[in-house]
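Read the structure below first, then the notes.
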Amino acid sequence: MSEIRINTISIENYRSFKERQVFKFPDKDYLKPISIIGYNNSGKTNLMNSILYGIGNKYTTKDTFTINDFYNRDINNVPEIIALTESTREQKYDGKLADLSGYSKLKIQTDGREIEGAKFEHLKPNYSDTNWEAFGANKYFNIFYINFHNIKEEISTKKTSWGNLTSFLAKHIKKLVEGDSEMSEKKDVFNLDTKRATETVLENSDLKEFISKIKLNYTNNLRNNNCHVEFGLPNYEDIFLQMVFKIGLNGDNEKQIPLNQFGDGYISMFVMAVIQAIAESNTEDKCLFLFEEPESFLHENHQDYFYKMVLCPLALKGHQVIYTTHSDKMIDIFDTKSIIRLEFDETEKRTVNKYNKLDDFVPDVEPIISLENYNSYIKSVEPNLNKILFSRKVILVEGPNDLLAYNFAIEKMVKSIIDDVNYSKSYLNFRNISIVPHHGKATALLLIDLCKHFGLEYFVINDLDFTENFITQLSNFETIEELKESDLYLNDNGETRSSNKRGMITTNWNLIKNAHLDNLHFNIPKLEIVLGYGNDDKSSIGIWTQLNTIDDFGGDFFPAKLSTFLELDTIEEISNE
């Protein structure tokens, strides 16, 4: 049984990376796929390339790197990549052992002006002795890299002009052919049968006569060198790389179409089937799967299917799965160990490791239900929750009507600053800010903790559900015991409020303490009243109609701290220039 895993990788001065950034991957007991996420140009591909270099999947020579690979294109910023992997020890064809366990360290030599050399130094896990068994060991392990951007190239099985195989499919087919002892035993018989079949077809044909003329002319051109010219199939080892997959749709075997003639989405689903077949045939080996944006060309329903039916089952079988993605359908926000989040620091102009923790997410508040059940619940009522991980900032609102109202208000306020309809409609996307309903104060507490865990900036909007404004008074209580002993649990008549009302006060206090008032706004007593909507029917159409009658959204609905959070003041600066 062969096994290969990457444990950690550190990157410094490589492309968008400046100071050393270290990434850790969960151990083999964590049976979930690992996603690398981040906004465009955050450095996801650079991280994936570093992994490929570190495990030897990309061959490294002096010509591998150019000045474009040096941070800020400065020859003094010499890239350094260090990967720590673990593997079994496998026997090579010559009887020697292959072992990728230990460190591989990129060493680039320069003369201050040009690159003079580049290679990887392999060290044993103690980081001292050279690991000679790591050189050339890569091909003895099951490593599959698929770039879904170039999906048609990934199903090509033909060699390059240099005789190399580039696609994962070609490499796997070649490995199967070379490693199958039964096929090898049939090689001579196969070669003889195909030669005879070819000669039978060519006999007394115009093609055979044409070949004979080529031979005669070639012999004369070589000064009567009696050369042999044969027109036939490729060498045995290459025959299977010349074959192509053909598809007969809807069971029609008479009209088969070569796979590369289909659209990219159809090919993606075929590649999906190939990946599944590889995993099913490697029941003992533990593979390393590296995918570049597998959601490319897939409808979002198929993205969800690919995540649940391909990526998750691969990891569940013990294979290590690492992939980059822009799709919120292909992550699980509460499986926090499975997420690596990159961010490009616009001030420092560099990629930073924004999130990569291997400890479990433990909220500060006591969840009303187990986290596992909450995960299922929140996905059922809010399928867009995962999008917050792809955002720079998050606004958590109470429900769909709040989402409607604040989207409308933000668009109108932006348009009042810059009279551009398209810009106002796309402002939140431009700023990479998302608005997500949290569906209740109790669940808001968990999502606040989750935002804190990921280091996301957040702003929370709720109904107070009381006519009197006691927010300042509520925020002054340091402990829940102080609150319960206070007069706040009494109504205007001095009577003790109902247990339901006391629970609502306690929840509001928890929100204030957990989110802090600077990140929190209460509509008093609720959204509909603040907007002047007289009915209590929760009608989205009615609220939409009311919104269109409002000329100016006041501080009771849209406080100054929300404007600051949304960076509306920077729009004013832009408009004044």
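The first residue in the sequence is number 1, and the count goes up from there.
- Scanning both residues, Phe17 and Gly43, for their nearest heavy atoms gives CE1-O, 4.0 Å.
- Close placement of the Phe270 and Phe245 rings is indicated, their centers lying within 6.0 Å of each other.
- Ion pairing between Asp465 and Lys441 holds under the 4.0 Å rule for side-chain N and carboxylate O.
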Checklist entry - Glu295 and His326: side chain to side chain donor-acceptor pair (under 3.5 Å), yes or no, with the steps? => result CA-CA 8 Å; Glu295 72 273 13; His326 283 288; 5.7 Å; no

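- Among residues two or more places apart in sequence or in another chain, the ring-ring contact (aromatic ring centres under 6.0 Å, His included) test is passed with His453 by Tyr355, Phe361.
- Between the side chain of Asp69 and the backbone N or O of Thr66, at least one donor-acceptor pair lies under 3.5 Å.
- The heavy-atom pair separating Ile417 from Leu568 by the smallest distance is CD1-O, 3.9 Å.
- Under the rule for a side chain to side chain contact (heavy atoms under 4.5 Å, CB included), the partners of Asp537 that lie at least two apart in sequence or sit in another chain are Tyr533, Asn535, Ser539.
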Next on the checklist: Test side chain to side chain contact (heavy atoms under 4.5 Å, CB included) on Asp328 and Ile333; report intermediate values, then the result.
Outcome noted: CA-CA 9 Å; Asp328 61 356; Ile333 195 170; over 6 Å; no

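- One distance of note links CD1 of Ile448 with CG of Leu456; it measures 13.0 Å at 0.5 Å rounding.
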Item to check | CA sep, side-chain torsions, deciding dist, call: Thr507, Trp509, side chain to side chain contact (heavy atoms under 4.5 Å, CB included) | outcome: CA-CA 5 Å; Thr507 301; Trp509 178 83; over 6 Å; no

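- Using a 4.5 Å cut-off on side-chain heavy atoms (C-beta onward), Leu547 and Phe553 make contact.
- Contact record, Leu100 with Phe141: CD1-CD1, 3.8 Å, taken as the closest heavy-atom pair.
- Of the candidates Leu520, Leu403, Leu562, Leu562 is the only one forming a side-chain contact (heavy atoms from CB on, under 4.5 Å) with Ile461.
- One finds no salt bridge joining Glu280 and Lys317 here, because no Lys/Arg side-chain nitrogen approaches an Asp/Glu carboxylate oxygen to under 4.0 Å.
- Partners of Asn138 by side-chain hydrogen bond (donor to acceptor under 3.5 Å, both in side chains), not counting sequence neighbours: none found.
- Applying the side chain to side chain contact (heavy atoms under 4.5 Å, CB included) criterion to Ser16, with sequence neighbours excluded, gives Asn46, Phe344, Thr351.
- Although no hydrogens or angles enter the test, the distance criterion places a donor-acceptor pair under 3.5 Å between the side chain of Asn548 and the main chain of Trp544.
- Residues that satisfy the ring-ring contact (aromatic ring centres under 6.0 Å, His included) test with Tyr458, not counting sequence neighbours, are absent from this structure.
- Within the cation-pi definition used here (under 6.0 Å to the ring centroid, within 45° of the axis), Lys18 does not qualify as a partner of Tyr71.
- With respect to Arg20 and Glu12, a salt bridge is recorded, a charged nitrogen being found less than 4.0 Å from a carboxylate O.
- The minimum heavy-atom distance between His439 and Val381, with the atom names listed, is NE2-O, 3.3 Å.
- Using modelled atom types and a 3.5 Å distance limit, the side chains of His438 and Glu398 yield no donor-acceptor pair.
- In this structure, the side-chain hydrogen bond (donor to acceptor under 3.5 Å, both in side chains) partners of Glu411, at least two apart in sequence or on a different chain, are Lys425.
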Next on the checklist: One pair to check against side chain to side chain contact (heavy atoms under 4.5 Å, CB included): Tyr30 and Asp335. What are the steps and the verdict?
Outcome noted: CA-CA 10 Å; Tyr30 184 73; Asp335 279 327; 3.6 Å; yes

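- We find that Lys349 and Asp345 are not joined by a salt bridge, their nearest charged nitrogen and carboxylate oxygen being 4.0 Å or further apart.
- Inter-residue side-chain proximity for Tyr53 and Tyr14 is flagged as met; some heavy-atom pair is nearer than 4.5 Å.
- The side chain to side chain donor-acceptor pair (under 3.5 Å) pairs that include a residue from residues 260-279 number zero, where partners must be two or more places apart or lie in different chains.
- A cation-pi arrangement is absent between Lys415 and Tyr423, since the terminal nitrogen or guanidinium carbon is not both under 6.0 Å from the aromatic centre and inside a 45° cone about the axis.
- Pairs of residues two or more places apart, or lying in two chains, never qualify as salt bridge (charged side-chain N to carboxylate O under 4.0 Å, His left out) while including a residue from residues 40-50.
- In summary, Glu457 and Lys452 do not engage in a salt bridge, as defined by a charged side-chain N under 4.0 Å from a carboxylate O.
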Next on the checklist: For a side chain to side chain donor-acceptor pair (under 3.5 Å) check, start with the C-alpha distance between Asn72 and Asn77, then their side-chain angles and the critical distance, and finish with the verdict.
Outcome noted: CA-CA 8 Å; Asn72 202 30; Asn77 295 327; over 6 Å; no

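- Between Glu567 and Arg431 there is a salt bridge, since at least one side-chain N of the basic residue sits less than 4.0 Å from a carboxylate O of the acidic one.
- Residues Ser42 and Glu343 have side chains that never bring a donor and an acceptor to within less than 3.5 angstrom of each other.
- Of the charged side-chain nitrogens involved, at least one lies within less than 4.0 Å of a carboxylate oxygen, so that Glu19 and Arg350 count as a salt-bridged pair.
- For the residue pair Ser2 and Asn142, the shortest heavy atom distance occurs at OG-ND2, 3.5 Å.
- A donor-acceptor pair is defined here as one N or O able to donate and one able to accept, closer than 3.5 Å; no such pair exists between the side chain of Glu153 and the backbone of Ser167.
- By the 4.5 Å heavy-atom criterion applied to side chains, Phe466 and Ile505 are counted as neighbours.
- For residues 143-152, the set of pairs meeting the side chain to side chain donor-acceptor pair (under 3.5 Å) definition, not counting sequence neighbours, comprises Tyr145-Glu292, His149-Glu293.
- Applying the ring-ring contact (aromatic ring centres under 6.0 Å, His included) test to residues at least two apart or on different chains, the pairs with a partner in residues 288-309 are Phe144-Phe289, Phe148-Phe291, Phe148-Phe306, Phe289-Phe291, Phe289-His319.
- Within the structure, side chain to side chain donor-acceptor pair (under 3.5 Å) contacts touching residues 517-527 (residues at least two apart or in different chains) are Tyr406-Asn523, His521-Asn523, Lys526-Asp536.
- Scored by the side chain to side chain contact (heavy atoms under 4.5 Å, CB included) test, Ser434 finds Lys387, Ile388, Ser391, Val394, Val436 as partners (sequence neighbours excluded).
- We find the CG-SG distance between Asp332 and Cys312 to be 7.5 Å, quoted to the nearest 0.5 Å.
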Item to check | Evaluation steps, side chain to side chain contact (heavy atoms under 4.5 Å, CB included), between Asp402 and Ile435 | outcome: CA-CA 10 Å; Asp402 303 78; Ile435 306 182; over 6 Å; no

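- Side-chain contact of Lys24 with Asn356: a donor-acceptor pair under 3.5 Å is absent, judged by distance alone.
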